[in-house]
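See structure below.
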Amino acid sequence: MALSTRAVQTYQDAPPTDQLIKILSNLYDAEANPDGYVSLAIAENSLMHHVLIDHMHRNMNIPPTALTYGDGYKRLKNAAARFLTNYLKPVTPIDPSHVHISNGLAPAIQNMAWATADPGDALLLGRPYYVAFKADASRRTGVEVLPVAFGHMDPVSVEAVQKYEDEILRAKQRGQRIAGVILAHPHNPLGRCYPREALVAFMKLCQKYQIHLVSDEIYALSVFENRVDKDAAAVPFESVLSIDPEGIIDRSLIHVLWGMSKDFGANGLRMGFTVTQHNPSMRAALMSIFEFSWTSSLSDHVTANALEDDEWARRYIQDNQTKLSEHQEKVLLWARENEIEYSPGSNAGFFVWVNLGAAYRKYHTGESEDLDKTVIEALLDRRVLLADGIAFGAEKPGWFRIVFSQEAGYLAEGLRRIAMAVKGQ
């Protein structure tokens, strides 16, 4: 039976998943499966799983509403609004009515694309970018995602904002509407925060062209001390909501996303929050399709338990940041020891952006026709999986993302295999 045109186009454009499924079904275990694959590709944080699981068990006490459609998110919206007001430090305290809940941030991005842009319109996304943003925003909406290139310019700098304006002007010339800018703040895969002056510049740009600013702040609380790059000043995190928009931008154009996946290491909870404080039309639009991204009442219960437990959450975030700092240090020192270039000054997220292509060339004579493919194959030969720069829109070949938020032994084995792949050992 024939499928719809959009269904055929979607599955034809989607990257193949056979190899990924094969790898994930054969993961390394020091004792049970020493020849399995080490995956340092997926941005999951397992460092604090035992702490969150313990809290879940101690506070489960499942109420009857967990087996119903819930209470209209009353308890969870109250908990999220109070928690995010405490940690994001918004100029205007977040009211529960400002919060829209979805089963993760993938549907939240899709919903924002659907609500801000018509098919054929575009959203701007700086390179390199989080790989799933393009699919999340475009695959079911007909909205185009336009990557913004920077050349040798720092992608998170004030100067880089001009490149977004250049793209807006080019779109105008060809008759295409730009509906908004998507920021990963802190940045994924660079692991850095946008400085306040850059955020203000983005706000002014969006005001000038009356387009939306969508700030994905899912790593907002996974910010830590960089113990190695002392000569590269790390920028502290400041939420877009913490900047007074008066005289800078129409408040209705600002939207912030956050969720439980990263800062609480709970990808499996499927819990995302969209904060839109000053745009009742946007909130009404999101509510009109809420059933397509409805969360489980059990996930609501677990999440509210965590967000309402102030002292436990404070310790959890603090301990998580310490562990992330320790594990990042392992990767940075490993990179220096093996003379592998990396993007310096990172202090957020779970990853280090490394130039394995340049390192590979040191040990292998002759030019590779496709450097990225050559390094990917070398890594897979050593049974280690990384996210590659091709998927992340890197402007130069050879860059990869190493996720370090894994148990120390697992991470060490992965780094050992990466070094072997690069050196041809």
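Position 1 is the first residue of the sequence, and the numbers go up from there. All of these numbers come straight from a predicted model, not from anything done at the bench. Computed from heavy atoms alone, side chains included, the values below leave out hydrogens, waters and symmetry copies.
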* Determine whether the side chains of Ser215 and His185 contain a donor N or O and an acceptor N or O closer than 3.5 Å. => no

* Asked: With no hydrogens and no angle check, is any side-chain donor or acceptor of Lys163 less than 3.5 Å from a backbone partner on Ala149?
  -> no

* To do: For the residue pair Tyr363 and Gln425, confirm or rule out a side-chain donor-acceptor distance under 3.5 Å.
  => no

* To do: Specify whether Phe351 and Tyr219 have parallel, tilted or perpendicular ring planes, treating 30° as the upper limit for parallel and 60° as the lower limit for perpendicular.
  => perpendicular

* If you look at every heavy atom in Met282 and Met112, which pair is closest and at what distance? -> CE-CE, 3.8 Å

* Decide, yes or no, whether a salt bridge links Arg82 with Glu308 under the criterion of side-chain N to carboxylate O below 4.0 Å. => no

* If only atom types and distance count, is the side chain of Glu217 paired as donor or acceptor with the main-chain N or O of Val240 below 3.5 Å? -> yes

* Thinking salt bridges, do Arg127 and Glu395 make one under a 4.0 Å N-O criterion? -> no

* Asked: Does the side chain of Val200 reach to within under 4.5 Å of the side chain of Ile243, using non-hydrogen atoms?
  -> yes

* **Donor-acceptor contact present, side-chain Glu341 to main-chain Ala358, <3.5 Å** => no

* Between Glu326 and Lys323, is the closest basic N to carboxylate O distance under 4.0 Å? -> no

* To do: Could you tell me which non-hydrogen atom of Ser138 sits nearest to which non-hydrogen atom of Val145, and how far apart they are?
  => CB-CG2, 4.3 Å

* To do: Mind listing the closest non-hydrogen atom pair of Gly357 and Leu371 along with its distance?
  => CA-CD2, 3.7 Å

* Check the pair Ile218 / Ser261 against side chain to side chain contact (heavy atoms under 4.5 Å, CB included), numbers first and verdict last. => CA-CA 8 Å; Ile218 198 166; Ser261 296; 4.1 Å; yes

* Minimum heavy-atom distance between Tyr28 and Pro34, given as atom pair plus value -> CD1-O, 3.3 Å

* To do: Look up atom CG in Asp136 and atom OH in Tyr130, then write down how far apart they are to the nearest 0.5 Å.
  => 6.0 Å

* Asked: Do Lys396 and Asn355 get their side chains close enough for a donor-acceptor pair, meaning under 3.5 Å?
  -> no

* Could you go through the side chain to side chain contact (heavy atoms under 4.5 Å, CB included) check for Val422 and Asn338 one step at a time? => CA-CA 10 Å; Val422 166; Asn338 288 278; over 6 Å; no

* Is there a donor-acceptor pair under 3.5 Å between the side chain of Ser157 and the backbone N or O of Ala160? -> yes

* Using a distance-only test with no angle check, is there a side-chain donor-acceptor pair under 3.5 angstrom linking Asn45 and Asn320? -> yes

* Structure fact -> CG of Leu52 to NE2 of His49, rounded to nearest 0.5 Å, is 7.5 Å

* **Arg417 side chain vs Arg383 backbone, donor-acceptor pair below 3.5 Å** => yes

* Any donor and acceptor pair, going by atom type alone, linking the side chain of Lys262 with main-chain N or O of Ala43 inside 3.5 Å? -> yes

* To do: Taking atom types as modelled, find out whether Gln328 and Ser346 have a side-chain donor-acceptor pair closer than 3.5 angstrom.
  => yes

* **Criterion side chain to side chain contact (heavy atoms under 4.5 Å, CB included) on Met260 and Leu307, from CA distance to verdict** => CA-CA 10 Å; Met260 295 292 287; Leu307 300 186; 4.0 Å; yes

* **Reported CG-to-NZ distance for the pair Leu123 and Lys134, which is rounded to 0.5 angstrom** => 12.0 Å

* To do: Answer whether the closest heavy-atom distance between the side chains of His187 and Cys193 falls below 4.5 Å.
  => no

* Is any side-chain heavy atom of Ile109 less than 4.5 Å from a side-chain heavy atom of Leu257? -> yes

* Structure fact -> CZ (Phe202) and CG (Leu213) are apart, to the nearest 0.5 Å, by 8.0 Å

* Between the side chains of Gln406 and Ser46, is a donor N or O closer than 3.5 angstrom to an acceptor N or O? -> yes

* Taking Thr141 for its side chain and Val143 for its backbone only, find out whether a donor-acceptor pair lies under 3.5 Å. => yes

* NZ-CG distance between Lys22 and Asn26, expressed to the nearest 0.5 angstrom -> 8.5 Å

* Any side-chain donor-acceptor pair under 3.5 Å between Gln321 and Glu225? -> no

* Walk me through it: do Asp300 and Lys77 pass the test salt bridge (charged side-chain N to carboxylate O under 4.0 Å, His left out)? => CA-CA 10 Å; Asp300 298 351; Lys77 282 191 174 187; over 6 Å; no

* **N/O donor-acceptor pair under 3.5 Å between Glu144 side chain and Asp121 backbone** => no

* Heavy-atom check, side chain of Pro90 versus side chain of Thr92, under 4.5 Å -> no

* Asked: Between Phe264 and Tyr316, does the ring centroid distance fall short of 6.0 Å?
  -> yes

* Inter-residue atom distance Leu40.CG - Phe350.CZ, 0.5 Å rounding -> 13.5 Å

* Asp263 side-chain N/O to Leu221 backbone N/O, donor-acceptor pair under 3.5 Å -> yes

* Side chain Arg192, main chain Gly345, donor-acceptor under 3.5 Å -> no

* Indicate whether any N or O donor in one side chain lies under 3.5 Å from an N or O acceptor in the other, for Asp309 and His55. => yes

* **Residue pair Asp244 / Arg251, side-chain heavy-atom distance below 4.5 Å** => yes

* Asked: Quick one: are the ring centres of Trp258 and Phe83 less than 6.0 Å apart?
  -> yes

* Asked: Would you say the side chains of Thr295 and Tyr73 form a donor-acceptor pair under 3.5 Å?
  -> yes

* Arg270 and Ser296: side-chain hydrogen bond (donor to acceptor under 3.5 Å, both in side chains), yes or no, with the steps? -> CA-CA 8 Å; Arg270 310 309 308 135; Ser296 158; over 6 Å; no

* If every non-hydrogen atom of Ala348 is compared with every non-hydrogen atom of Val223, which pair is closest and at what distance? -> CB-CG2, 3.9 Å

* **Test item: Phe133 and Asp216 side chains (from C-beta on) under 4.5 Å apart, heavy atoms** => yes

* Apply the test side chain to side chain contact (heavy atoms under 4.5 Å, CB included) to residues Tyr209 and Lys172: give CA-CA distance (whole Å), side-chain angles for both, the deciding distance (0.1 Å), then the verdict. => CA-CA 11 Å; Tyr209 294 98; Lys172 277 195 167 189; 4.1 Å; yes

* Could Asp388 and Lys373 be called an ion pair, given the rule that one side-chain N must be under 4.0 Å from one carboxylate O? -> no

* Is the shortest heavy-atom distance from the side chain of Met271 to the side chain of Ile101 under 4.5 Å? -> yes

* Verify the distance criterion only: is there a donor paired with an acceptor across the side chains of Asp372 and Trp399 at less than 3.5 Å? => no

* Asked: His278 vs His98 aromatic rings, parallel, tilted or perpendicular, using cut-offs 30° and 60°?
  -> tilted

* State, with a plain yes or no, whether a side-chain heavy atom of Ile168 is found less than 4.5 Å away from one of Lys208. => no

* Structure fact -> Minimal heavy-atom distance between Asn347 and Val235, with the atoms involved, is ND2-O, 3.1 Å

